[in-house]
Amino acid sequence: QVQLVESGGGLVQAGGSLRLSCAASGYTLSRYVMGWFRQAPGKEREFVADTSWSGGNRYVAKYADSVKGRFTISRDTAKNSVDLQMISLKPEDTAVYYCAADPNYTKLRRGGPGYWGQGTQVTVSS
């Protein structure tokens with residue numbers, strides 16, 4: 001059984017930075033799509049970024065338009081983990097951030113991955 005555990009959330013001022021980490025256990029996820037979603041109060045969960053295997057040691061990253069240029073997703077296959085580096089944070093980035101994983105890219109991008117973490121709160125004050 002795959003388990004995903006996020007860490008690194010917190011309170012930060014607008015313009016600040018945070019780094020989220022997601023550690024996977026129970027299975028090696030090097031060939032899985034891994035990603036981050038977020039859910040703000042009163043809103044639906046939305047896609048943030050993902051990283052998918054493209055052969056060899058290469059991974060391709062994709063981002064939501066709202067975070068392009070500010071967020072960077074990275075994969076550590078040795079640690080079976082994925083990180084999300086967030087800079088230039090805005091109050092509208094405030095949300096619970098969820099790590100997700102699935103062997104199927106479409107399933108994950110459509111918001112239906114097989115595995116979710118428990119979420120970590122990110123609060124950006126103005």
Side-chain angles (χ1 to χ4, degrees):
Q1 181 72 12
V2 173
Q3 289 190 321
L4 304 174
V5 178
E6 302 99 333
S7 61
L11 173 64
V12 65
Q13 288 189 331
S17 302
L18 277 176
R19 187 178 186 91
L20 306 183
S21 294
C22 172
S25 62
Y27 193 75
T28 299
L29 301 187
S30 59
R31 301 285 178 93
Y32 276 45
V33 183
M34 297 188 75
W36 291 91
F37 288 74
R38 66 187 182 186
Q39 187 167 20
K43 295 188 177 180
E44 292 187 353
R45 192 176 297 187
E46 65 175 2
F47 167 77
V48 174
D50 67 39
T51 169
S52 56
W53 183 68
S54 64
N57 293 322
R58 297 183 301 276
Y59 290 85
V60 174
K62 297 286 178 64
Y63 299 92
D65 287 343
S66 59
V67 307
K68 277 181 184 175
R70 300 188 299 120
F71 291 11
T72 302
I73 189 169
S74 59
R75 194 91 169 240
D76 188 330
T77 55
K79 294 181 179 179
N80 210 25
S81 65
V82 63
D83 288 357
L84 185 70
Q85 177 67 48
M86 306 183 292
I87 66 171
S88 302
L89 283 161
K90 306 174 181 180
E92 51 264 43
D93 293 319
T94 295
V96 177
Y97 283 70
Y98 296 91
C99 179
D102 200 279
N104 185 286
Y105 183 81
T106 301
K107 266 189 73 177
L108 185 138
R109 285 300 302 268
R110 288 181 176 175
Y115 305 102
W116 289 103
Q118 82 286 354
T120 185
Q121 177 70 46
V122 171
T123 303
V124 184
S125 63
S126 57

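Basis for what follows: all heavy atoms, side chains included, without hydrogens, waters or symmetry-related copies. Source: prediction; values computed, not measured. Here, residue 1 is the first one in the sequence, and each next residue gets the next number.
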Enquirer: Transitively linked via ILVMFWY side-chain contacts under 4.5 Å: F47 with V67?
Expert: no
Enquirer: Of all heavy-atom pairs between Y63 and A49, which one has the smallest distance, and what is that distance?
Expert: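 The pair with the smallest heavy-atom distance is CD2-CB, 3.6 Å.
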Enquirer: Measure across S21 and D83 and return the closest heavy-atom pair with its distance rounded to 0.1 Å.
Expert: OG-OD1, 3.0 Å
Enquirer: For residues 111-126, pull every pair meeting side chain to side chain donor-acceptor pair (under 3.5 Å), keeping only residues two or more places apart or in separate chains.
Expert: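 Matches after skipping sequence neighbours: E6-Q118, Q121-T123.
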Enquirer: Report yes if some heavy atom in the side chain of K62 is under 4.5 Å from a heavy atom in the side chain of V60; otherwise report no.
Expert: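 A side-chain contact exists here, since the closest heavy-atom pair is under 4.5 Å.
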Enquirer: Under a 4.0 Å threshold between the charged nitrogen and the carboxylate oxygen, would D65 count as salt-bridged to K68?
Expert: yes
Enquirer: Are Y105 and Y98 connected, step by step, through hydrophobic side chains (Ile, Leu, Val, Met, Phe, Trp, Tyr) whose heavy atoms are closer than 4.5 Å?
Expert: yes
Enquirer: Rounded to the nearest 0.5 Å, what separation is found between the CZ atom of R109 and the CG atom of N104?
Expert: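 So the CZ of R109 and the CG of N104 are separated by 12.5 Å.
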Enquirer: What heavy-atom pair brings S66 and R38 nearest, and what distance separates the two atoms?
Expert: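 Minimum heavy-atom contact is OG-NH2, 3.5 Å.
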Enquirer: Please report the closest heavy-atom contact between A23 and S81, naming both atoms and the distance.
Expert: CA-CB, 4.2 Å
Enquirer: Could you tell me if the side chain of Q85 sits less than 4.5 Å from the side chain of S17, heavy atoms only?
Expert: yes
Enquirer: Going by heavy atoms in the side chains, are F71 and W36 under 4.5 Å from each other?
Expert: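 No, every pair of side-chain atoms sits at 4.5 Å or beyond.
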Enquirer: Shared ILVMFWY cluster between L4 and V33, side chains joined below 4.5 angstrom?
Expert: no
Enquirer: Is it true that atom CZ of R110 has more than 12 heavy atoms of other residues, nucleotides or ligands lying nearer than 6.0 Å?
Expert: no
Enquirer: At what distance, to the nearest 0.5 angstrom, does CG of D102 lie from OG of S52?
Expert: 12.0 Å
Enquirer: To the nearest 0.5 Å, how far apart are CE in M34 and CG in D50?
Expert: 11.0 Å
Enquirer: Angle class for the Y27/Y32 ring planes (parallel below 30°, perpendicular above 60°, tilted otherwise)?
Expert: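 Tilted, since the angle between the ring planes falls between 30° and 60°.
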Enquirer: Can you list the other members of the hydrophobic cluster that holds Y59, where links are side-chain heavy atoms under 4.5 angstrom apart?
Expert: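 For the cluster that includes Y59, the remaining residues are W53.
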Enquirer: Same cluster or not: L29 versus L20, using hydrophobic residues (I, L, V, M, F, W, Y) connected whenever any side-chain heavy atoms lie under 4.5 Å apart?
Expert: yes
Enquirer: According to a 4.5 Å side-chain heavy-atom criterion applied to Ile, Leu, Val, Met, Phe, Trp and Tyr, with indirect links allowed, do V82 and M86 form part of one hydrophobic cluster?
Expert: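 Yes, one cluster joins them.
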Enquirer: Taking all heavy atoms of N80 and all of S30, pick out the closest pair and write down the distance.
Expert: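 Closest approach of N80 to S30: OD1-N, 4.4 Å.
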Enquirer: Going by heavy atoms in the side chains, are R70 and D93 under 4.5 Å from each other?
Expert: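 Sidechains of D93 and R70: in contact.
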Enquirer: Check this for me: E92, atom CD, are more than 12 non-hydrogen atoms of other residues, nucleotides or ligands nearer than 6.0 Å?
Expert: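 More than 12 within 6.0 Å, yes.
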